[in-house]
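FYI, the numbering just counts along the sequence from 1. Both ligands and their constituent atoms are indexed starting at 1 by order of listing. On a predicted model such as this, the values are computed, not experimentally measured, just so you know.
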Amino acid sequence: NSAAKAPPTPSPLRFSKFFQSNMRILITGGAGFIGSHLVDRLMENEKNEVIVADNYFTGSKDNLKKWIGHPRFELIRHDVTEPLLVEVDQIYHLACPASPIFYKYNPVKTIKTNVIGTLNMLGLAKRVGARILLTSTSEVYGDPLIHPQNESYWGNVNPIGVRSCYDEGKRVAETLMFDYHRQHGIEIRIARIFNTYGPRMNIDDGRVVSNFIAQAIRNEPLTVQAPGTQTRSFCYVSDMVDGLIRLMEGENTGPINIGNPGEFTMIELAENVKELINPEVKIISVENTPDDPRQRKPDITKAKELLGWEPKIKLRDGLPLMEEDFRQRLGVPRKN
Ligand code: NAD
């Protein structure tokens with residue numbers, strides 16, 4: 001029926017003189033790794049008011065400490081599996097543990113976060129007339145049968161594996177986004193994020209870049225999962241944030257891959273970390289985890305064409321930018 005398809009009416013409050021000039025932006029998961037860098041970038045614009053909603057499961061107030069108390073910034077302890085009502089113009093919906101150690105820790109909670117959390121944020125977007133961006137993942141492609149992956153590929157995903165709470169959760173989240181768009185006229189944006197790295201990544205979260213850097217700094221062997229020839233692509237976080245903002249501000253719903261197509265085997269990554277951070281460490285081979293994809297690399301043609309975006313920071317330039325942050329948090333100063 002036509003009533004259901006009519007675009008939502010934005011709240012009159014936000015068109016009043018007082019609110020006119022400011023853009024109110026909600027970031028769920030804004031205390032996390034990518035979210036906190038997104039907050040930093042959005043806060044640079046004096047016209048933005050930023051609200052972060054986070055339950056601190058994998059994120060931390062520390063990541064936002066420079067903004068706490070700022071008049072244009074608000075931090076709310078909130079779990080997205082519960083409804084939230086705030087007057088906003090844009091929602092960046094990032095809340096979800098991103099690394100296997102954390103998303104497998106309580107898989108039922110992970111799927112609730114993806115499904116109920118996304119439903120709640122879509123309900124909010126509908127109610128206040130906000131545009132909403134979901135950070136989906138390259139994991140929606142599963143163990144891909146085509147290489148590199150473009151957005152029209154439907155994926156090869158195990159629905160009952162230990163990673164499914166995350167992969168399938170994000171796939172349902174994408175479905176919900178499109179159903180709200182088609183049924184209720186909500187303005188949606190979907191980013192399919194590929195591996196991202198940079199300062200403030202959780203240490204010891206099992207993600208390969210943070211593992212290797214922490215191991216190199218602690219002078220422990222770098223543990224490459226067998227066979228070591230599996231590949232990943234790594235995008236530096238400032239490039240990622242730039243891509244997310246362009247997607248939000250642009251006219252395309254997506255899904256759009258955002259990642260760095262530069263492909264590295266795990267052995268190459270370990271060798272780079274060794275050379276750049278600690279030439280003394282050993283590289284050893286360890287057993288792999290089930291369902292670990294063999295290859296993953298984004299096809300970013302769409303991001304280039306539609307967003308005018310491509311990553312600028314090369315892996316060899318980005319890795320050293322993490323060292324200082326990791327050394328501080330690990331309490332291991334550099335030897336001179
Ligand atoms: P992160 O774990 O550092 O951040 C996630 C944030 O969400 C944390 O602050 C956490 O406390 C919060 N959170 C988790 N569950 C919540 C809940 N139920 N309610 C409220 N807050 C909750 O991870 P990240 O790397 O910053 O990832 C951000 C987003 O990007 C996630 O949606 C993730 O799936 C996606 N993504 C990340 C990568 C990557 O390489 N980092 C790759 C693909 C997709």
Ignoring hydrogens and geometry, is there a side-chain-to-backbone donor-acceptor pair from Gln225 to Ser285 under 3.5 Å? no
Does any N or O of ligand 1 fall below 3.5 Å from an N or O anywhere on Leu94, backbone included? yes
Less than 4.5 Å apart, any side-chain heavy atom of Asp40 and any of Trp67? yes
If you scan protein heavy atoms around atom 4 (O) of ligand 1, the nearest is Gly32 CA, 3.5 Å
Among Pro97, Cys96, Gly30, whose heavy atom sits nearest atom 5 (C) of ligand 1? Cys96
With no hydrogens and no angle check, do the side chains of Thr135 and His93 hold a donor and an acceptor under 3.5 Å apart? no
Check ligand 1 against Gly59 and write out every atom of the ligand that is under 4.0 Å from a heavy-atom position of the residue. 8 (C), 9 (O), 10 (C), 11 (O)
Should you measure from each heavy atom of Tyr56, which atoms of ligand 1 turn up under 4.0 Å away? 11 (O)
Salt-bridge criterion met for Glu323 and Arg327 (N-O under 4.0 Å): yes
Hey, is Ser136 one of the residues with a heavy atom under 4.0 angstrom from ligand 1? yes
Looking only at distances, can you tell me whether any N or O atom of Asp79, backbone or side chain, sits closer than 3.5 Å to an N or O atom of ligand 1? yes
Once you round to the nearest 0.5 Å, how far does OG1 of Thr229 lie from CD of Glu268? 10.5 Å
If you measure every N or O of Ala95 against every N or O of ligand 1, does any of those distances drop under 3.5 Å? no
Please confirm whether Asn195 comes within less than 3.5 Å of ligand 1 when only nitrogen or oxygen atoms on both sides are compared. no
Do NZ/NE/NH1/NH2 and the carboxylate oxygens of Glu168 and Arg171 come within less than 4.0 Å? yes
Any N or O of Ile193 that comes nearer than 3.5 Å to an N or O of ligand 1? no
For Asp54, which part has a heavy atom under 4.0 Å from ligand 1: side chain, backbone, both, or neither? both
Checking the N or O distance criterion of under 3.5 Å, is ligand 1 in contact with Thr137? no
Closest to atom 30 (O) of ligand 1 among Asn106, Thr135, Thr58 (heavy-atom distance): Thr135
What I want to know is whether Ser60 and ligand 1 share at least one N or O pair that is separated by under 3.5 angstrom. no
Electrostatic pair Lys302-Glu151, nearest N-O below 4.0 angstrom: no
Would you tell me whether Asn257 and Asn150 have side-chain atoms, one donor and one acceptor, within less than 3.5 Å of each other? no
Give a yes/no verdict on whether any heavy atom in Ala31 is under 4.0 Å from an atom of ligand 1. yes
Counting only N and O atoms by type, is there a donor-acceptor contact under 3.5 Å from the side chain of Asn63 to the main-chain atoms of Ala31? yes
So is Asn55 polar-close to ligand 1, meaning N/O to N/O under 3.5 Å? yes
Give a yes or no answer on whether the side chain of Asp299 reaches the backbone of Pro148 with a donor-acceptor pair at less than 3.5 Å. no
Does only the side chain of Tyr166 get under 4.0 Å from ligand 1, or the backbone, or both, or neither? Count heavy atoms. side chain
Starting from atom 41 (N) of ligand 1, what is the nearest protein heavy atom, named by residue and atom, and what distance separates them? Arg207 NH1, 2.5 Å
For atom 3 (O) of ligand 1, closest protein heavy-atom neighbour: Phe33 N, 2.8 Å
Can Arg163 and Asp143 be counted as an ion pair, charged N to O under 4.0 angstrom? no
Are Arg200 and ligand 1 in contact, using a heavy-atom cut-off of under 4.0 Å? no
Which residue and heavy atom of the protein sit nearest atom 19 (N) of ligand 1, plus the separation: Val80 N, 2.9 Å
Mind checking whether Lys112 has a heavy atom under 4.0 Å from ligand 1? no
Residue from Glu74, Gln90, Glu49 passing side-chain hydrogen bond (donor to acceptor under 3.5 Å, both in side chains) with Arg24: Glu49
Of the side chain and backbone of Glu139, name the one, both, or neither that has a heavy atom under 4.0 Å from an atom of ligand 1. neither
Does this structure show an ion pair linking Glu324 with Arg334, if we count only N-O contacts that are shorter than 4.0 Å? yes
Protein contact to atom 23 (O) of ligand 1 [nearest heavy atom, distance to 0.1 Å]: Ala98 CB, 3.4 Å
Which of the atoms in ligand 1, numbered in the order shown and given with their element, are less than 4.0 Å from a heavy-atom of His78? 19 (N), 20 (C)
Looking only at distance, does Ile34 have an N or O less than 3.5 Å from an N or O of ligand 1? yes
Leu134 and side chain to side chain contact (heavy atoms under 4.5 Å, CB included): which partner among Thr118, Thr28, Leu94, Ile188? Thr118
So which bit of Met201 gets within less than 4.0 Å of ligand 1, heavy atoms only: side chain, backbone, both or neither? neither
Does ligand 1 come near enough to Thr196 that some N or O of the ligand is less than 3.5 Å from an N or O of the residue? yes
Taking atom types as modelled, is there a side-chain donor on Asp205 or Ser210 under 3.5 Å from an acceptor on the other? yes
Between Asn48 (side chain only) and Val50 (backbone N and O only), is there a donor and an acceptor less than 3.5 Å apart? no
